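Working notes, beginning with the structure itself.
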Amino acid sequence: MFIGCHLSSSKGFLAMGKHASALGADTFAFFTRNPRGGAAKAIDPADASALMEYLGEHHFGTLVAHAPYTLNPCSPKPEVREFAHECMADDLIRMEATPHQYYNFHPGSRGEQDLETAVGQIADLLNEIMRRDQTTTVLLETMSGKGTEVGAAFEELRAILDRVKEQEHIGVCLDTCHVYSAGYDIVHDLDGVMTAFDRVIGLDRLKAIHLNDSMTPFASHKDRHEKIGRGSIGYAALRAVTEHPACRDLPFILETPNEDEGYRREIRLMRGEIPWGESG
Ligand code: FE
Ligand code: FE
Ligand code: ZN
């Protein structure tokens with residue numbers, strides 16, 4: 001399995017690769033810019049290629065970059081959509097400094113707009129910024145459905161995917177906390193959830209997993225990540241996700257409330273290097 005966590009990009013690309021190794025990780029996530037969406041730091045091409053070489057030498061899985069979570073590609077406010085457009089267009093150019101990785105984003109919250117309008121806005125934005133010759137695969141993240149979030153139902157992601165022109169460069173990232181909160185019961189019926197994903201979206205579209213426990217109950221439509229094994233999903237169900245044939249070869253990204261030590265422990269835990277009973 002490939003597993004890692006969110007890392008700070010403040011010391012550059014190669015530093016993230018080394019940081020990941022120090023935690024026992026062989027993939028990682030990073031925010032392409034300040035998570036609140038401000039200006040991005042200039043990319044040092046030599047540092048970016050040093051990371052690419054490092055990833056190859058250390059047999060890393062694909063990285064899962066994350067767009068700022070405050071962007072809203074389907075906001076009712078045109079200026080908010082325009083800001084998402086600018087940041088994501090720039091991010092896709094920057095991502096080519098580290099070719100062939102994933103770029104994950106939240107489809108957004110539609111406010112008082114209907115679903116059809118929101119889906120159109122998200123797809124239009126993607127069609128304006130994606131290019132045939134890009135190497136990055138853009139991932140839509142499954143959402144918990146808090147407020148008016150788009151992407152809590154697999155059908156909503158399907159509707160966006162259907163309208164994207166660059167089919168070669170689009171996929172989905174499944175967040176375990178979000179899908180459980182959205183009402184997909186991965187605790188009691190993981191096979192059923194993966195079958196539904198396959199029927200509605202297609203398992204060939206599943207490219208990455210955000211591996212999180214949840215602080216809130218099943219179908220709560222909340223988005224509160226918990227440490228592995230401390231929440232409503234539990235260790236056994238999350239372990240089953242990492243072993244499921246549809247998931248086990250994908251990059252797993254921990255977005256649990258931890259510092260380095262906690263991540264190091266959760267990585268070992270999910271790899272089966274320490275038993276759950278002794279670490280819980
Ligand atoms: Fe996310
Ligand atoms: Fe996530
Ligand atoms: Zn979340």
Side-chain angles (χ1 to χ4, degrees), residues 2-9 25 27-37 61-75 84 87-88 91 95 101-109 122 125-126 136-154 156-157 160 170-184 186 193 197 201 205-228 230-233 237-238 241-242 247 250-258 262-263 266-267 270:
F2 297 108
I3 184 165
C5 57
H6 265 272
L7 297 177
S8 159
S9 61
T27 180
F28 59 87
F30 61 98
F31 285 108
T32 48
R33 59 187 68 223
N34 181 313
R36 274 182 278 213
T62 309
L63 309 184
V64 191
H66 201 305
Y69 48 75
T70 49
L71 300 183
N72 189 357
C74 62
S75 168
C87 288
M88 291 174 68
D91 280 350
M95 285 296 296
Q101 311 303 318
Y102 295 144
Y103 175 70
N104 172 79
F105 78 104
H106 296 178
S109 296
I122 297 160
L125 187 155
L126 290 173
T136 305
T137 298
V138 176
L139 305 184
L140 302 161
E141 182 168 350
T142 61
M143 301 310 292
S144 64
K146 74 170 175 330
T148 59
E149 266 177 356
V150 175
F154 294 159
E156 297 177 4
L157 297 177
I160 300 167
I170 188 90
V172 171
C173 171
L174 184 149
D175 185 308
T176 54
C177 167
H178 298 176
V179 291
Y180 192 62
S181 284
Y184 292 100
I186 56 171
V193 172
F197 188 102
I201 297 176
R205 293 286 178 199
L206 182 59
K207 304 296 185 189
I209 307 285
H210 282 171
L211 195 65
N212 304 309
D213 213 325
S214 174
M215 284 187 190
T216 59
F218 176 65
S220 58
H221 299 286
K222 298 246 166 58
D223 184 358
R224 302 280 309 280
H225 300 189
E226 180 55 288
K227 292 185 168 93
I228 300 292
R230 305 280 175 87
S232 56
I233 302 175
L238 291 170
V241 171
T242 66
C247 308
L250 305 175
F252 292 92
I253 303 296
L254 298 162
E255 298 177 310
T256 46
N258 278 303
Y263 282 129
E266 287 188 348
I267 288 166
M270 298 322 289

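On a predicted model such as this, the values are computed, not experimentally measured, just so you know. Counting starts at 1 for both ligands and their atoms, following the listed order.
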Got Ile3 and Glu266 here, is their nearest side-chain heavy-atom distance under 4.5 Å?
no
Could you tell me whether the side chain of Met215 reaches within less than 4.5 Å of the side chain of Ser232, counting heavy atoms only?
no
Contact flag [X]/the Zn ion (ligand 3), N/O/S atoms, threshold under 2.8 Å:
{"X": "His178", "value": "yes"}
{"X": "Asp223", "value": "yes"}
{"X": "His225", "value": "yes"}

Which N/O/S atom belongs to [X] and is the closest one to the Fe ion (ligand 2)?
{"X": "Glu255", "result": "OE1"}
{"X": "Asp175", "result": "OD2"}
{"X": "His210", "result": "ND1"}

Specify whether His66 and His210 have parallel, tilted or perpendicular ring planes, treating 30° as the upper limit for parallel and 60° as the lower limit for perpendicular.
parallel
Check the orientation of Phe218 and Tyr180. Use parallel for under 30°, tilted for 30 to 60°, and perpendicular for over 60°.
tilted
Do His225 and Asp223 get their side chains close enough for a donor-acceptor pair, meaning under 3.5 Å?
yes
Taking the Fe ion (ligand 1) as the vertex, what is the angle from OE1 of Glu141 to NE2 of His106, given to 10 degrees?
90°
Using side-chain contact (heavy atoms from CB on, under 4.5 Å), reason through Phe105 and Met88 one step at a time and then give a plain yes or no.
CA-CA 9 Å; Phe105 78 104; Met88 291 174 68; 3.6 Å; yes
